[in-house]
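Below you'll find the structure, written out as structure tokens, and then a few comments.
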Protein chains: 2
Amino acid sequence: MARVGLTPERLVRAGAELADEVGFDEVTVSALARRFDVKVASLYSHVRNSHDLRTRIALLALEELADRGAAALAGRAGKDALAAMANVYRDYAREHPGRATAARMRLDPETAAASAGVRHARMTRAILRGYDLEEPDQTHAVRLLGSFFHGYVSLELGGGFSHSLPDSEETWTRLLDALDALLRNWPAPSAP
Amino acid sequence: MARVGLTPERLVRAGAELADEVGFDEVTVSALARRFDVKVASLYSHVRNSHDLRTRIALLALEELADRGAAALAGRAGKDALAAMANVYRDYAREHPGRATAARMRLDPETAAASAGVRHARMTRAILRGYDLEEPDQTHAVRLLGSFFHGYVSLELGGGFSHSLPDSEETWTRLLDALDALLRNWPAPSAP
DNA sequence: CTGATTGCCTAATACCTTTAGGAAACTCCA
DNA sequence: TGGAGTTTCCTAAAGGTATTAGGCAATCAG
């Protein structure tokens, strides 16, 4: 009955790797147990249940993403910062598709509030300091960027842009140009 | 052994309703069988398997969405058309959250090519005729709008905007203003 | 009315999830 | 160093979902 040395951390890390290999949807307690060559029930001492496992993988991904974002943002401002952050999201999704999917998992409000998601929001606001936006426009812009990054990465990962021209690379740089331009020339509300 | 009158269409329609009630992830062959008060195996004459069922629900949602879009776009142009289409997506997601999630399901390329997804792309291009965009910028813009709608609806449905001010309604109208302004003043590529 | 077809059923297999309780492997202190 | 206590992993078991094979009854065509 040799002990393998399971810990929640090791399980979550292995679960994240599994997600990148076979897709987040295929991450299952059973598959994880197989990976450690251990019986399924053994995992339940370290992880509450399947949902808990998946949530923890999501939290890990959000942390990693926030760390990369913080590093990328250091010393940058304006469009430089915008592009750096955007590329962090996109590159992470390409390197770690399973984790990236996990990061988009819906979290219940308390979990979300305690997650690295709040760092993400802070970083986005930091980027927007390079543009001239008062509240509530700054919040609108945060939501715009969040929606766009989320959506673009989802669609690209799902293959939405892969079988048509121009290639996704070009669209990406041009859309960052466009968002930068929009943030610099944020429009006043239209007449109601 | 009374016959219930199952057909693929009825199953898919009931599956869509089930998705709206309990979430697309909870749509399962078993749950659907329960809903018809029929044994699980009976569904397999009408639907290939679970994945097939879910795919068909996604296709139904894409159709419905395209129909609504076509109706909303009739007789509109420019920002009017943009806002109409955008609201179709958002309203549909609020009325039919399960279907809307289904519509964002990843489809394999052949299925996607045969789906109403192509109508969506055509409609988006039709909207962009109200703006002055040449290729490849038009394609970039299609992808921008697709990403934004997809992302915003996901985040809003996931409760991302619900516990903070300003409320999502205001952000939505302001972001449509912003996208309209961006499309009218599409920037030239930045210096490489 | 009868023969063919179709529709739903029983039965069986194979996963995955989760809980309860047991035994071996560590830990740590006397 | 030698237990006592805790921790870690295991066996066992129950319940849910997915899927296939094969059967009988309801329906339909002629």
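Below, read A as the first sequence line, B as the second, and so on, with proteins coming before strands; counting in each chain starts at 1. Please read these numbers as outputs of a predicted model, since none were measured by experiment.
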In whole angstrom, give the distance that lies between atom [atom1] of [X] and atom [atom2] of [N].
X	N	atom1	atom2	value
A:L43	C:dA20	CG	P	17 Å
B:R34	D:dG15	CZ	C1'	12 Å
B:N49	D:dT20	CG	P	7 Å
A:R10	D:dC9	CZ	C1'	14 Å
B:L53	D:dA18	CG	P	9 Å
B:F36	C:dC9	CZ	P	12 Å
A:L11	D:dC9	CG	C1'	12 Å
B:R3	D:dT27	CZ	C1'	5 Å

By nearest atom, which of the nucleotides [options] is closest to the [X] side chain?
X	options	value
B:A41	C:dC8, D:dC10, C:dA11	C:dA11
B:L6	C:dC8, C:dT17, D:dC9	C:dC8
A:K39	C:dC8, D:dT11, C:dT17	D:dT11
B:S50	D:dT19, D:dC10, C:dC9	D:dT19

Scan A:V40 against the nucleic acid and name what it touches under 4.0 Å (heavy atoms): base, sugar-phosphate only, or nothing. base
Before accepting this row, confirm whether a basic side-chain N of the pair A:R94/A:E156 lies closer than 4.0 Å to the acidic partner's carboxylate O. yes
Got a salt bridge between A:D67 and A:R119, using NZ or NE/NH1/NH2 to carboxylate O under 4.0 Å? yes
Return the set of residues passing salt bridge (Lys or Arg N to Asp or Glu O under 4.0 Å) with A:R35 (not counting sequence neighbours), or none when no residue passes. A:E17, A:E21
Please tell me if [X] has a side-chain N or O lying less than 4.0 Å from either OP1 or OP2 of [N].
X	N	value
A:H46	D:dC9	yes
B:R48	D:dT19	no
A:S42	D:dC10	yes

For residues A:E135 and A:T139, is any side-chain donor paired with an opposing acceptor at under 3.5 Å? yes
Where along residues 20-33 of chain B does a heavy atom fall under 4.0 Å from DNA chain D? B:T28, B:V29, B:S30
Audit row: B:T55, B:D52, side chain to side chain donor-acceptor pair (under 3.5 Å) steps and yes/no: CA-CA 5 Å; B:T55 300; B:D52 180 41; 5.6 Å; no
Evaluation steps, side chain to side chain donor-acceptor pair (under 3.5 Å), between A:R106 and B:S154: CA-CA 9 Å; A:R106 181 181 178 161; B:S154 281; over 6 Å; no
Can you say whether the rings of B:F148 and B:W172 are parallel (under 30°), tilted (30 to 60°) or perpendicular (over 60°)? parallel
